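Everything below concerns the one structure shown next.
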Amino acid sequence: MLKIYNTISRKTEEFQTLEPNLVKMYVCGVTVYNDAHVGHAMSALVFDIIRRYLEYRGYTVKHVMNYTDVDDKIINRAKQLKEDPLKLSQRYIEDYAKDLASLNVLPATSNPQVSKTMPLIIKFIEGLIEKGHAYAASNGDVYFRVTSDEDYGRLSGRKLDDMQAGARIEVGEAKDHPMDFALWKSAKEGEISWDSPWGKGRPGWHIECSAMNLAELGEQIDIHGGGNDLIFPHHENEIAQSESYTGKEFSRYWVHNGMLQLGGEKMSKSLGNIISIKEFLSKRSADVMRMLVLNGTYRAPLLFNDDTLDAAEKNVERLKSALRPAAPSAKGLAAESLTALAATSDAAKVNFTEAMDSDFNTAGAIAALFEFVKAINTARDNGATSEQIKPMQDSFRELAGVLGLKLEEKQGSGEQDEQVNALIAERTEARKQKQWKRSDEIRDQLKEMGVTIEDSKDGTIWRYS
RNA sequence: GGCGUCGUGGCCAAGUGGUAAGGCAAGGGUCUGCAAAACCCUCAUCACGGGUUCAAAUCCCGUCGACGCCUCCA
């Protein structure tokens, strides 16, 4: 039985879908005006892992991730670059899609964009006005009336009265209540805008997601996800809008990932402590980033530093060690040992599922994968043949795949391979002659080429590292 | 100040009532010409102070501390 921690109830609940075997999951994507950073990667990875596990559990997952391509920041950046805002955002949408692909994140089922959802957004706002949940101000802005929603604040656990202390009405705003938020913002001179019943303008941030949800998944969804920095006000406001509009419970489960921490602080554009996904991938592999996430708890802050990354890298290497073949000359394992091996494999698989069922306890799932590693490596050390360990390796690889780990050994060109093989042949000959100096020279040379070698009774094996 | 999450070995981190998973690092060993990898062994009583209970890291109260949100943010 899969259990998921639900932000709105602050409890871990049994997971039940609205429709049998179908999960409708909406995850807040990014505002596209700059390179995405590893904090975005964390969120994308968390929901990729959740999606993959749900699919492994037999669900069909409709995974929607939006792109906010209409926004103040985009407009400002476009102005700076003297580029059309929609072209700019389109450029970064394609860029982000590439980043995600290079992280082995499965593409969402659909990626709606604000600029392409405009008619529904306007219709949505009109509906809210009709129902008395929103009002058009004199300046062309439209606001959501928070006092019209009795439950306002229930996701973030805030009461309207508590929130008013810090609330301010900015100059130029025409709100009835300080906490009212913009559904539609009237356009300033020369800005990109769309026609609406309230004049030229563009939608506020929150209404987009409500509208795209409705467009892609309907009135009710199973899982709504995003970073926990979005709980208030973004998700709170989404709930207010959607439930006021449809009169139905919007999302059954609210799932929020913790923030990536760089030097004890959240990594964010506004703090300027950013490492882009591209920069990261120029130094470490996608598996390492994913392992960093898997090794932690998706809801907790994730420490991103050399120590945690080095450990993640070692973890990945260790997992890979289980996939290596046995020596061709291996003499084989007795039947009873094979039975024990199969039993270990089954137990590890159960542990994996139990961990993941428990609110996606990926750290526990990784521990289960290490059970495989130990069992496979021990079997190999004890003389199992490649054939004998293969079934367990297949199970192991399948589960690693559920977490999105590729565990690929680095590949070289055929030319390189030949060169390496030639050097190894020479070294083997030198070793036969006990010419240790020459042998070690070659080993150093190979190391410089990025090749690690291992000698054993059955010969020398090597790999790119 | 308000709301929320949390504080487990040198580091990362599972575990939410019955005497502490896993990984990294460290030390010892097997293997090796030496290495490397793998394997074996060693390594914590759970921030602090009270309380509930036959029994608590796990529940309750308090203290201290960290982080997030309260303004754009994954």
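So that the names make sense, note that chain A is the first sequence line, chain B the second, and so on, each numbered from 1. Keep in mind that this is a model prediction, so the values were computed, not measured.
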ask   = Roughly how far apart, to the nearest Å, are B/C64 and B/G28 at atom P?
value = 45 Å
key: Minimum-distance nucleotide (side-chain atoms of A/Arg431 versus B/A38, B/C40, B/G33)   = B/G33
query = Quick one: the side chain of A/Asp455 and the base of B/C34, do they pair up donor-acceptor inside 3.5 Å?
reply = yes
Of the listed nucleotides B/C40, B/A35, B/C72, the one nearest the side chain of A/Lys73 = B/C72
inquiry  = With side chain to side chain donor-acceptor pair (under 3.5 Å) as the criterion, how do A/Ser156 and A/Arg158 come out once you've worked through the C-alpha distance, each side chain's angles and the decisive distance to 0.1 Å?
reply    = CA-CA 6 Å; A/Ser156 56; A/Arg158 291 152 212 259; 3.1 Å; yes
ask   = So which nucleotide from B/A37, B/A74, B/A38 ends up closest to the side chain of A/Arg318?
value = B/A38
inquiry  = By nearest atom, which of the nucleotides B/A74, B/G15, B/G68 is closest to the A/Asn361 side chain?
reply    = B/G15
message = Going by centres under 5.5 angstrom and planes under 30 degrees, do the aromatic ring of A/Trp436 and the base ring of B/G33 stack?
response = yes
inquiry  = Over all strands shown, is A/Leu230 touching base, sugar-phosphate only, or nothing at heavy-atom distances under 4.0 angstrom?
reply    = sugar-phosphate
Paired nucleotide for B/A66 [Watson-Crick or G-U wobble; both distances under 3.5 Å] = B/U5
ask   = What is the nucleic acid contact for A/Gln261, judged by heavy atoms within less than 4.0 Å: base, sugar-phosphate only, or nothing?
value = sugar-phosphate
key: Rounded C1' spacing from B/C46 to B/A21 in Å   = 14 Å
ask   = Between B/C12, B/A74, B/C24, which nucleotide gets closest to the side-chain atoms of A/Thr308?
value = B/C12
side-chain N/O A/Lys314 vs B/A25 OP1/OP2, d < 4.0 Å = yes
query = Checking all strands, does A/Asn295 fall into the base, sugar-phosphate, or nothing category for heavy-atom contacts under 4.0 angstrom?
reply = base
query = With A/Tyr298, which of A/Thr362, A/Val255, A/Val293 fulfils side-chain contact (heavy atoms from CB on, under 4.5 Å)?
reply = A/Val255
ask   = Would A/Arg52 and A/Asp48 count as a salt bridge (charged side-chain N to carboxylate O under 4.0 Å, His left out) if you check the C-alpha gap in whole Å, the side-chain angles of each, and the deciding distance to 0.1 Å?
value = CA-CA 6 Å; A/Arg52 284 172 187 266; A/Asp48 182 59; 2.8 Å; yes
ask   = Tell me: CD1 of A/Ile231 to P of B/C67, nearest whole Å?
value = 18 Å
ask   = Taking the P atom of each, how far is B/A38 from B/C72, in whole Å?
value = 49 Å
ask   = Taking only N and O in the side chain of A/Asn377, is any of them less than 4.0 Å away from OP1 or OP2 of B/C39?
value = yes
ask   = Strictly by modelled atom types, are A/Asp417 and A/Tyr464 linked by a side-chain donor-acceptor pair under 3.5 Å?
value = yes
key: Of A/Tyr5, A/Phe15, A/Tyr26, the residue whose pairing with A/Tyr253 passes ring-ring contact (aromatic ring centres under 6.0 Å, His included)   = A/Phe15
request  = Looking at every strand, decide which applies to A/Asp440 at a 4.0 Å heavy-atom threshold: base, sugar-phosphate, or nothing.
outcome  = base
query = Would you say the base of B/G22 and the side-chain of A/Asn351 have a donor-acceptor pair closer than 3.5 Å?
reply = no
task = Establish whether the base of B/G33 is bridged to the side chain of A/Ser439 by a donor-acceptor pair shorter than 3.5 Å.
result = yes
ask   = For the base of B/A35, is there a side-chain donor-acceptor partner from A/Arg443 under 3.5 Å away?
value = yes
Between A/Asn257 and A/Ser43: side-chain donor-acceptor atoms closer than 3.5 Å = yes
task = For A/Ile453 and for A/Arg299, find the nucleotide of RNA chain B with the closest heavy atom, then tell me which residue's nucleotide is more 5'.
result = A/Arg299
note = Closest of B/C11, B/A37, B/C69 to the A/Phe232 side chain is B/C69
query = In Watson-Crick or G-U wobble terms, both distances under 3.5 Å, what is the partner of B/C24?
reply = B/G10
task = Side chain of A/Lys266 only, please: which of B/C39, B/G68, B/G33 is the nearest?
result = B/G68
query = Would you say the side chains of A/Tyr92 and A/Arg77 form a donor-acceptor pair under 3.5 Å?
reply = yes
query = Out of B/C34, B/G22, B/C69, which has the shortest distance to the side chain of A/Asp229?
reply = B/C69
Nearest-angstrom distance, C1' atom, B/G62 to B/U52 = 15 Å
query = Picking from B/C39, B/A74, B/G22, which would you name as closest to the side chain of A/Asn257?
reply = B/A74
Gap in Å between the two C1' atoms, one belonging to B/A66 and one to B/G27, rounded = 32 Å
message = Counting only side-chain heavy atoms from C-beta out, which of B/G33, B/A37, B/C39 sits nearest to A/Arg324?
response = B/A37
